[in-house]
Amino acid sequence: MLEDEIRLIRRLQRTGDRAAADRLIRQYFDEIYRYVYKQTSDKDNAMNLTQNIFIAMLQSIGTYDGRASFRTWLYRIATNKTIDYYRSRAAERRHVLSMEGLDIPDETEFTHRIEMKALLACVQRYIDSLETCLQQIFRLKFFGEYTFGQIAAMLGMSESAVKSRYYRLLKSLKEEFGDELD
């Protein structure tokens, strides 16, 4: 599979082969969509963002040099595009709850859901305010479910530096949001 992927990438880089592009996109589309959806919790935004990620991938495929795996390189694009997405939305931070299709079993659970959405929105805003490197580490660990070693390889950092930054971020989240995270 890996050799096939490398062949597709080379064909795409040399000739812009549409079939090669299509196979690469099909291979990773669902995985990248799930990664983005976990962060946006909105199907339409996740779909639009995923499409933008693959457009960016196609536009920059010529710069892919194979030092990192293609998957790693693609996740780096996805993480950066997601960060850009949240930066662009910073001015319009009004979240509206959609009541459509919401199953409301009882008032207590409904209240809990609203509180959780509000907390998640606050945490997301806090993460969005951090330096890009910390956002990348958090998103890759929390949403991408990567190991510290994988994140370190993706970002060109030592594993201990990634761990240190991640755990410092968790500590600052705990300080910022206190008992709300328990």
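Hydrogens, waters and symmetry mates play no part in the numbers below; they use all other heavy atoms, side chains included.
Residues Arg11 and Arg7 fail the side-chain proximity criterion, which asks for heavy atoms closer than 4.5 Å. Using a 4.5 Å heavy-atom cutoff, the side chains of Tyr86 and Thr40 are in contact.
Screening residues 36-54 for salt bridge (Lys or Arg N to Asp or Glu O under 4.0 Å), with sequence neighbours left out, gives Lys38-Glu145. Among pairs with a residue in residues 152-167, those fulfilling salt bridge (Lys or Arg N to Asp or Glu O under 4.0 Å) read Glu131-Arg165, Glu159-Lys163, at least two apart in sequence or across chains.
Judged purely by distance below 3.5 Å, without hydrogens or angles, the side chains of Arg67 and Thr72 never pair a donor atom with an acceptor atom.
No donor-acceptor pair closer than 3.5 Å links the side chain of Tyr33 to the backbone N or O of Thr50. Between the side chain of Tyr35 and the backbone N or O of Gln39 there is no donor-acceptor pair closer than 3.5 Å. Ser164 places no side-chain N or O within donor-acceptor distance of the main-chain N or O of Ser160, the cut-off being under 3.5 Å. In this structure, Thr147 contributes its side chain and Gln150 its backbone to a donor-acceptor pair below 3.5 Å. Counting only distance, with no hydrogens or angles, the side chain of Gln13 and the backbone of Ile61 share a donor-acceptor pair below 3.5 Å.
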**Request:** Would you please test Lys141 and Val162 for side chain to side chain contact (heavy atoms under 4.5 Å, CB included) and show each step?
**Result:** CA-CA 10 Å; Lys141 182 69 176 157; Val162 170; over 6 Å; no

**Request:** Start with the C-alpha distance between Tyr126 and Ser172, add both sets of side-chain angles, then the distance that settles side chain to side chain donor-acceptor pair (under 3.5 Å), and finish with yes or no.
**Result:** CA-CA 10 Å; Tyr126 181 80; Ser172 70; 3.2 Å; yes

**Item:** Stepwise side chain to side chain donor-acceptor pair (under 3.5 Å) check, Tyr37 with Asn45
**Value:** CA-CA 8 Å; Tyr37 179 75; Asn45 285 336; over 6 Å; no

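Distance OH/Tyr146 to OH/Tyr75: 4.0 Å, rounded to 0.5 Å. Here the CD1 atom belonging to Ile83 is positioned 10.0 Å from the CG atom belonging to Leu130, to the nearest 0.5 angstrom. Residue Leu58 holds its CG atom at 12.5 Å from CD1 of Ile53, rounded to the nearest 0.5 Å. In this structure, CE on Met57 lies 8.5 Å from CD1 on Ile9, to the nearest 0.5 angstrom. For the atom pair CG (Leu169) and CD (Gln135), the distance works out to 10.0 Å, reported to the nearest 0.5 Å. Summarising the geometry, atom CG belonging to Leu24 is positioned 9.0 Å from atom CG belonging to Leu74; distances are rounded to the nearest 0.5 Å.
Phe143 and Phe138 have perpendicular rings, their planes meeting at more than 60° on a 0 to 90° scale where under 30° would count as parallel.
Using a 4.0 Å cut-off between a side-chain N of Lys or Arg and a carboxylate O of Asp or Glu, Arg139 and Asp128 qualify as a salt bridge. Under a 4.0 Å N-O distance rule, the pair Arg71/Glu5 does not qualify as a salt bridge.
No continuous path of hydrophobic side-chain contacts links Ile55 to Leu49 [ILVMFWY only; heavy atoms under 4.5 Å]. A single hydrophobic cluster is seen to contain both Ile127 and Tyr167, as judged by linkage of ILVMFWY side chains at heavy-atom distances under 4.5 Å, directly or through other members.
Between Val36 and Ala46, the shortest heavy-atom contact is CG1-CA, 3.7 Å. Ile77 and Ser60 get closest at one heavy-atom pair: CD1-OG, 4.0 Å.
Remark: Arg18 CZ is loosely packed, at most 12 non-hydrogen atoms of other residues, nucleotides or ligands lying under 6.0 Å away. With a 6.0 Å radius and a threshold of 12 heavy atoms from other residues, nucleotides or ligands, Lys81 has its NZ atom at or below the threshold.
Taking the six-membered ring for Trp and the full ring otherwise, Phe54 and Tyr28 have centroids separated by 6.0 Å or more.
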